[in-house]
There are 2 protein chains.
Amino acid sequence: MPDDHIIETAPATVEEFRERLTAMLDTLPKRLRQCADYVAANTDRIAVSTVADMATGAGVPPSALMRFCQILGFTGFSEMQKLFREAYVPGWPDYATRLQNLKSSATGSPAALVGEFIEAGRLSLESLAKNFDETALNQAVSTLASAKMVHIVGLRRAFPVASYLAYVFEKMSVPAMLHDGVGKLDHRHALRPGDALLAITFAPYSEETIAMAQDAHERGLPVVALTDRLTGPLARAASSTITVTEVDFGAFRSLSATIALAISLAVAVGSARG
Amino acid sequence: MPDDHIIETAPATVEEFRERLTAMLDTLPKRLRQCADYVAANTDRIAVSTVADMATGAGVPPSALMRFCQILGFTGFSEMQKLFREAYVPGWPDYATRLQNLKSSATGSPAALVGEFIEAGRLSLESLAKNFDETALNQAVSTLASAKMVHIVGLRRAFPVASYLAYVFEKMSVPAMLHDGVGKLDHRHALRPGDALLAITFAPYSEETIAMAQDAHERGLPVVALTDRLTGPLARAASSTITVTEVDFGAFRSLSATIALAISLAVAVGSARG
DNA sequence: GTATTTTTGGAATATTTATTCCATTTTGTT
DNA sequence: AACAAAATGGAATAAATATTCCAAAAATAC
């Protein structure tokens, strides 16, 4: 990038900073682009980092980052940092208060919604950390690890979880089949002796999933349930049950905890199989 | 204050810091008390200020503030600042190290895995909270809210997100179509003038998704991109780009932040449509 | 393939910022 | 009031950090 492209005025707000960043993104050479990338993804760190830290993070030498700041219109890193230090508000320590504020004041704006769902996700993860049942998980892992093939079923709200599990199993070369109900085709005959079923459903429970679990159970196949209550209908048909509760916001639930648990399960099964 | 009151160990957490501060408040002489008062009232500025700044704010010479830090048990101002910088970006510097340790030492027991994925999810959510670009999100919401129909495409790792979006849109009566690539059928002709495309992909980017975005873009339809880098291939074909970075553990990523963002987007679009 | 321009990395330098030290002032005690 | 102990401010120094500069490497144009 030749010198004559350099702008003299520094961005005055974070907003302006972002705009300028996206505007010039395409014209930047490799290293400077790395800077742009990393900085865009970590604006929050600018206020509390040194050039060296940032440069390391971006995988470039400090001088490259320096150049990057100058191309954006700052005299140097310090000036850029100043912008972010002034805008700095330590986000997190007091969740309860934050949630309160969000709910009362800025309702409805997309940004407020993001705040809400982040908070819901956080709480869900915390609750998972405290409550999950290690024994049940281990049992589920060994069941699935010794199955010839893992069948996965989960519909509606549970479908994203089921499909992610299928993806991870595939990546780890675990034979798995996702029963997605496309075309209302019923593939339950695909469950052969030696296979296992991993069934996922949450209240309000999806009938198809429960029916499939019951069917497998009656045929003597091991069924692992991933659900929200030990007393739910799915648990009755399962040989091992893992529960996870998700904090909801409004009518909708994030899936943070559920997915964290699901992926752990999948990875554990994958490595148990070697 | 005579030397023998000095404690050798530094506070390890912000809470401990506060405790120690209030505990000794009464025993402090004038200048040091000024420091204590000012620091207590401006803890949030510690991370982004210099000794000189803080000293001026408290109305004392730098050396007084220095002494104050030492009385609290820190070796100096820098050490105190470090505490607050790390509290702001929780666990950042040593996350890579921790991962290393876990991989080599820890068994990879299912329970340990759950812990790790919870942690990864938590970090992702915090990073989202601090870094997400409000303007871009608002723009995306208005684009999608004014579309006749929302087309959603996301494959492989992004598929769970896409399918969850489809679920939420359906729940909110937003006309939406999920392009899932079943049977390798290509439904791009389903995109009609007035529609919009919501494309989701993360590195390594899925070609089909990018191709579809480009196609829509060339035909003049608005494309909202949900991806991991502003500089990624998807961003080029998009009219607005929302980025989210997910902390990964091992080869696998949780989707906590991505889903939190996606659901916020969907709910915002849903309510914007009334 | 050669010449020209752009980009890059790292070492050298400048600047800022933290820290120490000690002479001086203040406070408390008899 | 005289002494001792504690507290203070500021100047001197040390350390960390930012910034510049230039030779070498890539990329581009001819």
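Numbers restart at 1 for each chain; the letters A, B, ... are given by sequence-line order, proteins then strands.
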Engineer: Is it true that, when you exclude B:Arg18 itself, more than 12 heavy atoms of the residues, nucleotides or ligands shown sit nearer than 6.0 Å to its CZ?
Structural biologist: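 No, CZ of B:Arg18 has 12 or fewer neighbouring heavy atoms, counting only those of other groups under 6.0 Å.
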Engineer: Without decimals, in angstroms, what is the distance between A:Met80 CE and D:dT19 P?
Structural biologist: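 These atoms are roughly 10 Å apart.
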Engineer: Counting only heavy atoms not in B:Glu16, do more than 12 fall under 6.0 Å of its CD?
Structural biologist: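 Yes, the 6.0 Å shell around CD holds more than 12 heavy atoms from other groups.
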Engineer: Checking all strands, does A:Thr50 fall into the base, sugar-phosphate, or nothing category for heavy-atom contacts under 4.0 angstrom?
Structural biologist: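 Sugar-phosphate only.
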Engineer: Strictly by modelled atom types, are A:Arg67 and A:Gln70 linked by a side-chain donor-acceptor pair under 3.5 Å?
Structural biologist: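 No - no donor-acceptor pair under 3.5 Å links their side chains.
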Engineer: Grab the CG-P distance between A:Leu65 and D:dT17 for me, whole Å please.
Structural biologist: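 After rounding, the gap between these two atoms is 15 Å.
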Engineer: Taking for each residue the nucleotide of DNA chain C with the nearest heavy atom, is it B:Thr75 or A:Pro62 whose nucleotide lies nearer the 5' end?
Structural biologist: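 Nearest-nucleotide comparison on DNA chain C picks A:Pro62.
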Engineer: Between P on D:dA24 and CZ on A:Arg31, what's the gap in Å once rounded to a whole number?
Structural biologist: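 For the pair A:Arg31 CZ and D:dA24 P, the rounded distance is 19 Å.
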Engineer: Using whole Å, report how far CG of A:Asp53 lies from C1' of D:dT17.
Structural biologist: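 Atom-to-atom, A:Asp53 to D:dT17, this comes out as 11 Å.
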Engineer: Round to a whole Å and report the spacing from CZ of A:Phe68 to C1' of D:dT20.
Structural biologist: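 Between C1' of D:dT20 and CZ of A:Phe68: 19 Å.
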Engineer: Within less than 4.0 Å of OP1 or OP2 of C:dT19, is there a side-chain N or O belonging to B:Gln70?
Structural biologist: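 The answer is no; no side-chain N or O of B:Gln70 sits under 4.0 Å from OP1 or OP2.
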Engineer: Crowded around A:Arg33 CZ? As in, over 12 foreign heavy atoms under 6.0 Å?
Structural biologist: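 Yes, CZ of A:Arg33 has more than 12 neighbouring heavy atoms, counting only those of other groups under 6.0 Å.
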Engineer: If I take atom CE in residue B:Met54 and atom P in nucleotide C:dT19, what distance separates them, rounded to the nearest angstrom?
Structural biologist: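 So the CE-P distance, B:Met54 to C:dT19, works out to 14 Å.
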Engineer: Looking at the side chain of B:Met66, which of D:dG9, D:dT17, C:dT20 is the nearest nucleotide?
Structural biologist: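 Nucleotide nearest to B:Met66's side chain: C:dT20.
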Engineer: Between atom CZ in B:Arg85 and atom C1' in C:dA18, what is the gap in whole Å?
Structural biologist: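 The answer, rounded to whole Å, is 12 Å.
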Engineer: Is the phosphate of C:dT15 approached by A:Ser78 (side-chain N or O, under 4.0 Å from OP1 or OP2)?
Structural biologist: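 Looking at the OP1 and OP2 atoms of C:dT15, neither is under 4.0 Å from any side-chain N or O of A:Ser78.
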Engineer: Taking CD from A:Glu79 and P from D:dT17, how many angstroms apart are they, rounded to a whole number?
Structural biologist: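 Value for this atom pair: 20 Å.
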Engineer: Which listed nucleotide (C:dA18, C:dT8, D:dC21) is nearest to the side chain of B:Val51?
Structural biologist: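 The answer is C:dA18.
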Engineer: When the nearest nucleotide of DNA chain C is assigned to B:Phe77 and to B:Lys30 on a heavy-atom basis, which residue is associated with the more 5' position?
Structural biologist: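 Per heavy-atom nearest nucleotide, the more 5' residue is B:Phe77.
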Engineer: Looking at C:dT8, C:dA18, D:dG9, which one has an atom nearest to any side-chain atom of A:Leu32?
Structural biologist: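 The closest nucleotide is C:dT8.
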Engineer: Classify the ring geometry between B:Phe17 and B:Phe74 as parallel (under 30°), tilted (30 to 60°) or perpendicular (over 60°).
Structural biologist: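 Correct class here is tilted.
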